[in-house]
Protein chains: 2
Amino acid sequence: MAVRTRGEMIAETRAKLLAAGRKAFGEIGYADASMDDFTGKVGLTRGALYHHFGDKRGLFEAVIAQIDAEMTVRLKARAAKMRTPWEGFIEEGIGYIEMALEPEIRRIVLRDGPAVLGDPASWPTTNGCMTAMKECLAELAEDGVIRDVDLEATARMLTGASCYAATWIANAEDPQAISDRATAAYRRLVEGLLREPQ
Amino acid sequence: MAVRTRGEMIAETRAKLLAAGRKAFGEIGYADASMDDFTGKVGLTRGALYHHFGDKRGLFEAVIAQIDAEMTVRLKARAAKMRTPWEGFIEEGIGYIEMALEPEIRRIVLRDGPAVLGDPASWPTTNGCMTAMKECLAELAEDGVIRDVDLEATARMLTGASCYAATWIANAEDPQAISDRATAAYRRLVEGLLREPQ
DNA sequence: GTAATATCATACGCGACGTATGTCAATTGG
DNA sequence: CCAATTGACATACGTCGCGTATGATATTAC
């Protein structure tokens, strides 16, 4: 069996705590997640958690950073597959809406996140998804595809629109049908930004 | 001194609890508000709270309903002052953004509300503000002012956009400047819905 | 006038959090 | 090679907040 160095053991402990917290936060929510409970499930105690993350909120921040990074990667990958920057932009917004359908993302990032950490735009991770959208808009503005708009303001509002659309979908009886409506409406909404109305 | 009937006393107790809860929720947030604390400040105990509202969450719902009703009245009043339905619609959206600048509304309705009660659209109050926006859109659609869009989906997304814009403003160093940018960008965004681009 | 009910207050138990302290292994320095 | 120190956790304890069960008081009903 491999000799495990000290550094590896520590990294493993951190990873275990992160995974356990993420699971608990995603399944029963931040407020109801007991630290004694989910640390115990991976053979640890609150002592390890306080040592590595300071407190419950610190662990939550780390979980959010992890999820946010994953989301950014996925969005970029989706957008890169499209032919034009404009289509890539649309795809990113729709991708955001669809990802928000996943219970873990909805619960942790969209629901509890703002309540526990405050404004998403000022999270330690700087919310990769929102900055990605802003960069996308900047490129479109440079190429003259969209009208002259306030990039940051527009990116923030579109992110908000996506979130609310996602919440709507997630609470619907027929999520797929609502998802179709939401993405279509989103497309219509952002098409209003185009310089040349198609 | 007026003889206070029993019914009046009860109503007064309810109102006291509602006001105390609203104040505490608005100032320190739902999670950190101690029921023993804020009920004591109006000369009552948790016993009264459990009797009238069931539990902490029940009181929170009542507080949200109260604030939401106030917001709806204010928005309607603002919109009614404008000349055209379209201007009224714009005014409602901007009004929503501006109201979200008030700490109490941001904290209770926008931040803790979704975390505690879930999807705003399915709150007991049915979120007066969102339905107001939907009605506004319906009228504009009938008059042919805006393009053919999904009313509900659009209303939800615009509400989300307003919320995120408001959060942005509220966390800025110069809220007034950001407010100007946000409202301008909002105007640009919804102008994309117009049938005739101006 | 008495029974019943509504309106609250009080007492209690439970769970969760945060801190303070302890323990053990690993590293460092001579 | 051995002591001293540091880091990585576990354990114990105090505190606080919630929910429930119980009790007291006043009003209403009959």
Side-chain angles (χ1 to χ4, degrees), chain A residues 1-64 107-108 112 115-117, chain B residues 1-64 107-108 112 115-117:
Chain A
M1 185 56 84
V3 282
R4 315 199 50 78
T5 128
R6 184 164 177 77
E8 282 173 352
M9 301 280 293
I10 296 171
E12 189 181 327
T13 297
R14 252 191 78 98
K16 272 190 201 166
L17 290 171
L18 206 56
R22 177 169 174 167
K23 183 172 160 65
F25 294 150
E27 288 178 355
I28 60 178
Y30 179 82
D32 291 335
S34 159
M35 298 163 72
D36 283 321
D37 190 27
F38 67 74
T39 55
K41 284 185 179 165
V42 290
L44 296 164
T45 67
R46 271 180 315 147
L49 192 155
Y50 276 100
H51 181 73
H52 283 286
F53 298 97
D55 59 356
K56 192 180 186 182
R57 182 193 154 108
L59 174 64
F60 188 69
E61 278 183 22
V63 168
I64 288 224
R107 188 113 202 192
I108 298 179
D112 289 342
V116 177
L117 304 180
Chain B
M1 185 58 79
V3 282
R4 317 202 45 79
T5 129
R6 180 163 179 78
E8 282 173 351
M9 301 281 292
I10 295 172
E12 189 181 329
T13 297
R14 252 191 78 97
K16 273 191 200 168
L17 290 171
L18 206 57
R22 176 169 174 168
K23 183 172 160 64
F25 293 150
E27 288 178 355
I28 60 179
Y30 179 80
D32 291 335
S34 159
M35 298 162 71
D36 282 322
D37 189 27
F38 67 73
T39 54
K41 282 185 180 165
V42 290
L44 294 165
T45 68
R46 271 179 315 143
L49 192 154
Y50 277 98
H51 180 73
H52 284 286
F53 298 97
D55 59 356
K56 192 181 185 182
R57 183 193 155 107
L59 174 63
F60 189 68
E61 277 183 23
V63 168
I64 288 225
R107 186 114 205 189
I108 298 179
D112 289 343
V116 177
L117 304 181

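To find a chain, count down the sequence lines: A is the first, B the second, and so on, and within it residues start at 1. Computed over heavy atoms, backbone and side chain alike; hydrogens, waters and symmetry mates excluded.
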>> Can you build the contact string for nucleotides 17-23 of chain C? Use B for base contact, S for sugar-phosphate-only contact, and - for no protein heavy atom under 4.0 Å.
In response: BBB----
Nearest-Å distance for atom pair [atom1]/[atom2], residues [X] and [N]:
X: A:Leu49; N: C:dA16; atom1: CG; atom2: C1'; answer: 13 Å
X: A:Ile10; N: C:dC24; atom1: CD1; atom2: C1'; answer: 14 Å
X: B:Leu59; N: D:dG19; atom1: CG; atom2: P; answer: 12 Å
X: A:Asp32; N: D:dG17; atom1: CG; atom2: C1'; answer: 14 Å
X: B:Glu12; N: C:dT7; atom1: CD; atom2: P; answer: 15 Å

[X] [atom1] to [Y] [atom2] distance, which is reported to the nearest 0.5 Å:
X: B:Thr13; Y: B:Leu18; atom1: OG1; atom2: CG; value: 12.0 Å
X: A:Ile28; Y: A:Lys23; atom1: CD1; atom2: NZ; value: 10.0 Å
X: B:Asp32; Y: B:Asp112; atom1: CG; atom2: CG; value: 9.0 Å

>> At less than 4.0 Å, is any side-chain N or O atom of A:His51 found next to OP1 or OP2 of D:dC9? Yes or no.
In response: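 So the side-chain polar atoms of A:His51 never come under 4.0 Å of the phosphate oxygens OP1 or OP2 of D:dC9.
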>> OP1 or OP2 of D:dC9 versus the side-chain N and O atoms of A:His52: is any pair under 4.0 Å?
In response: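 The answer is yes; a side-chain N or O of A:His52 sits under 4.0 Å from OP1 or OP2.
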Validation: residues 48-59 of chain B side-chain donor-acceptor distances under 3.5 Å, sequence neighbours left out:
| unit_1 | atom_1 | unit_2 | atom_2 | d |
| --- | --- | --- | --- | --- |
| B:Asp55 | OD1 | B:Gly58 | N | 2.9 |
| B:Lys56 | NZ | B:Tyr30 | O | 3.0 |
| B:Lys56 | NZ | B:Ala33 | O | 3.0 |
| B:Arg57 | NH1 | B:Val116 | O | 3.0 |

> Who passes salt bridge (charged side-chain N to carboxylate O under 4.0 Å, His left out) against A:Arg22, sequence neighbours left out?
Replying inline: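 Listed in chain order: A:Glu70, A:Glu104.
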> What pairs with B:Asp36 under salt bridge (charged side-chain N to carboxylate O under 4.0 Å, His left out), at least two apart in sequence or on another chain?
Replying inline: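 In terms of salt bridge (charged side-chain N to carboxylate O under 4.0 Å, His left out), with neighbours along the sequence ignored, B:Asp36 is linked to B:Arg46.
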>> Can you list everything that forms a ring pair (Phe, Tyr, Trp, His ring centres under 6.0 Å) with A:Phe38? Sequence neighbours excluded, please.
In response: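 Testing A:Phe38 for ring pair (Phe, Tyr, Trp, His ring centres under 6.0 Å), a comparison that skips the adjacent residues, returns A:Phe25.
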> Quick one, which residues of residues 13-21 of chain B touch DNA chain C with a heavy atom under 4.0 Å?
Replying inline: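 Nucleic-acid contacts, sorted: B:Thr13.
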> Which pair of non-hydrogen atoms, one from A:Ile108 and one from A:Ile64, has the smallest distance, and what is that distance?
Replying inline: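 Nearest pair, atom of A:Ile108 first, then A:Ile64: O-CD1, 3.7 Å.
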